Amino acid sequence: MLANYIDGRFVEAQGATPIPVLNPARGTVITHIPDSPRAVVDEAIDAARRAQPGWGKLTNSERAVYLRRIAARLRDNEDALSHTLTEEIGKLRDLARGEVATTANFLDYMAEWALRIEGEILPSERRGETILMQRKPMGVVGGILPWNFPFFLIARKAGPALLTGNTIVIKPSEETPGNADFFARLLDECDLPPGVFNIVHGTGKTVGEGISSHKGIDMVSFTGSVPTGIEIMKQAAANVTKVNLELGGKAPAIVMNDADLDIAIPAIRISRILNNGQVCNCAERVYVQRGIADEFTDRLVKAMRDVTYGDPLGNAPVDMGPMIHEKAALRIAGMIETSVGEGATLLTGGKHVEQGGGHYIEPTVLTGCAQDSDMIQKEIFGPVMPIHVVDELDEAIAKANDSEFGLTSSIYTRSLSNILKTTAELNFGETYVNRENMEAMQGYHAGMRKSGIGGADGKHGLLEYTQTQMVYLQN
Ligand code: NAD
């Protein structure tokens, strides 16, 4: 059973219920984690609280040294780390390697901010007065993670939190704890002061809720689904704890008559199968203009039919791995069945396939889904693409915006006026023009509507882990 990492030591959670961790491509048990009781959560938060004042007194540059050291250890172990990610998630090997590389790059990028976090001097209307705004750490951050990019998300939370003087307690997803354990083992070799970085394993109910409702936590940084985000807000409200929420998406892709389909088809195809269709950012519904709808549909169907799937650690190369678990595959298959029952036409795929102990959804394309149907409105998180035909850009924009989600969106067109109108009128945290949906670390990844509160990455994401203090000086 994996141990927790608390106060600079790996400690077993004595007597905790073990939770099995499965390889989703094989259905085999990789390891177990403890469902750590609340007393263990308290212990980790206490350790982080004790460590914070000393860590907070270091300069940003001194803290940046540790981030760079961790990044180097990750690079030294890229192959083994990425193997863990593939084993736990069924993520393709190249994507897993890319996730490890991005994680190391992200920590280095955050370290570069050390000399760039600035306060402000504000003018006063009173003679002899100087007004300063300075930034302070939040204190102790609770990081609660999902399973789809679990390794990168450790750094996306710990990087800015630690650089700005916070300490952190991380709860990895119960589906994918091994990569977090690996991260802790490498970090343990980097001589961080004990208690600065802690990991507690367990379920959302015991450990997750234990963190978000704890009065010793100053900020909860959560990535996951909307229903859990709502629960976390409620739990954090009891202590008026700051929340930063990166939640689900239902990204629209608009394809206009003048689109270059040699760009749009591969971009939308990869968007739908990347990480086995389990990416919050990626296009989940297409609005295609009528004049190009037949050609677009035929080409996308063909591209999706050609997608191969199977165990990413098997002998043959594949384009796509399994769903994270059987429950996810059953939910997606149920959504497809409902959609067809409501009158949608299945153009390819649609089946839940059990193979070698893994659960797969055939790459699927549907058409004729109503705007108010679940297929258009709910996050599917699998390799399924509904195509909805529209007449005009205004209709596409209105239907794209008609969603409780507001994370990302995209448009494919050669017209500058279409691009300008769309970026002005689409209400999503990100809009991608003539390219697949993938953000950059110097951007600001933030969702509108139910897709979240606050954001991650870049200067703006970094500053979320600070709070301001005003100082009024009279000479
Ligand atoms: P999830 O909400 O089921 O779980 C996320 C984490 O929350 C897990 O660690 C879980 O144990 C914990 N949790 C569950 N209940 C809790 C509770 N009551 N209190 C505190 N913690 C609790 O999400 P998931 O299935 O792991 O991940 C998939 C979701 O994450 C999708 O909706 C996806 O869109 C979203 N996601 C969003 C982004 C983004 O940047 N916006 C990135 C990745 C994933």
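Note that this is a predicted model, so its numbers are computed, not measured. As the structure lists them, so they are numbered: ligands from 1, and atoms in each ligand from 1. Excluded from the calculations below are hydrogen atoms, water molecules and symmetry mates; all remaining heavy atoms, backbone and side chain alike, are included.
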*Enumerated ligand 1 atoms positioned under 4.0 Å from heavy atoms of Leu407*: 41 (N)
*At what distance is the nearest protein heavy atom to atom 6 (C) of ligand 1, and which residue and atom is it?*
Leu145 O, 3.3 Å
*What do we get for Lys205 next to ligand 1 when only non-hydrogen atoms under 4.0 Å count, side chain, backbone, both or neither?*
neither
_Any nitrogen or oxygen of Thr223 lying under 3.5 Å from a nitrogen or oxygen in ligand 1? Just yes or no._
no
_Heavy atoms of other groups near Lys242 NZ, more than 12 under 6.0 Å_ = yes
*Look at atom 35 (C) of ligand 1 and say which protein heavy atom is nearest, naming residue and atom and giving the distance to 0.1 Å.*
Gly224 O, 3.2 Å
_Greater than 12 external heavy atoms within 6.0 Å of Met233's CE_ = no
_Test of proximity, Ser451 against ligand 1: N or O pairs below 3.5 Å_ = no
*So which bit of Phe222 gets within less than 4.0 Å of ligand 1, heavy atoms only: side chain, backbone, both or neither?*
side chain
_Would you call the rings of Tyr287 and His388 parallel, tilted or perpendicular, taking 30° and 60° as the class edges?_
perpendicular
*Between Asn281 and Thr408, does any side-chain donor sit less than 3.5 Å from a side-chain acceptor?*
no
*Give the residue and atom name of whichever protein heavy atom lies nearest to atom 18 (N) of ligand 1, and the separation in Å to one decimal.*
Gln235 NE2, 3.4 Å
*Using modelled atom types only, decide if a donor and an acceptor are shared between the side chain of Asn179 and the backbone of Leu85 within a distance under 3.5 Å.*
no
_Pair His214-Asn239, side chain to side chain donor-acceptor pair (under 3.5 Å): steps then yes or no_ = CA-CA 8 Å; His214 204 289; Asn239 296 303; over 6 Å; no
*Judging by distance only, is a nitrogen or oxygen of Thr228 under 3.5 angstrom from one on ligand 1?*
yes
*Mind running side-chain contact (heavy atoms from CB on, under 4.5 Å) on Lys459 and Ile117 for me, showing each step along the way?*
CA-CA 8 Å; Lys459 174 183 170 185; Ile117 302 169; over 6 Å; no
*Any salt bridge between Arg156 and Glu439, counting N to O under 4.0 Å?*
yes
_Of the listed options Phe405, Phe381, Trp147, closest to atom 33 (C) of ligand 1 (non-hydrogen atoms)_ = Phe381
*Could you grab the distance from atom CG of Leu462 to atom CG of Asp457, nearest 0.5 Å is fine?*
10.5 Å
*Distance-only N or O hit between ligand 1 and Glu174, under 3.5 Å*: yes
*Against heavy atoms of Glu209, which atoms of ligand 1 measure under 4.0 Å?*
19 (N), 20 (C)
*Can you find an N/O atom of Glu379 closer than 3.5 Å to an N/O atom of ligand 1?*
yes
*Tell me which one of Pro150, Ala456, Gly229, Cys280 gets a heavy atom nearest to atom 42 (C) of ligand 1.*
Cys280
_Students should be able to answer this: which protein heavy-atom is nearest to atom 40 (O) of ligand 1, and at what distance?_
His445 NE2, 2.8 Å
_I need the contact type for Leu247 against ligand 1. Using non-hydrogen atoms and a strict under-4.0 Å cut-off, is it side chain, backbone, both or neither?_
backbone
*Can you check side-chain contact (heavy atoms from CB on, under 4.5 Å) on Tyr309 and Ile361, steps first, answer last?*
CA-CA 9 Å; Tyr309 57 86; Ile361 293 290; over 6 Å; no
*Tell me which part of Gln278 gets within contact of ligand 1: side chain, backbone, both or neither, using heavy atoms under 4.0 Å.*
neither
*asked:* Need the ligand 1 atom indices (1-based, order shown) with element for anything under 4.0 Å from a heavy-atom of Asn148.
replied: 43 (C), 44 (C)
_Asp374/Lys250 salt bridge by N-O under 4.0 Å criterion_ = no
*Judging by distance only, is a nitrogen or oxygen of Leu153 under 3.5 angstrom from one on ligand 1?*
no
*Once the angle between the rings of Phe106 and Phe152 is folded into 0 to 90°, is it parallel (under 30°), tilted (30 to 60°) or perpendicular (over 60°)?*
perpendicular
*Kindly indicate whether a cation-pi arrangement holds for Arg449 with Phe428, taking the cut-offs as under 6.0 Å to the six-membered ring centre and within 45° of the axis.*
yes
*asked:* Please classify the Ile232 to ligand 1 contact at 4.0 Å (heavy-atom distances, strictly less than): side chain, backbone, both or neither.
replied: side chain
*Below 4.0 angstrom from a heavy atom of Gly208, which ligand 1 atoms are there? Numbered from 1 as shown, please.*
19 (N), 20 (C), 21 (N)
*Contact check, Gly452 vs ligand 1, heavy-atom distance below 4.0 Å*: no
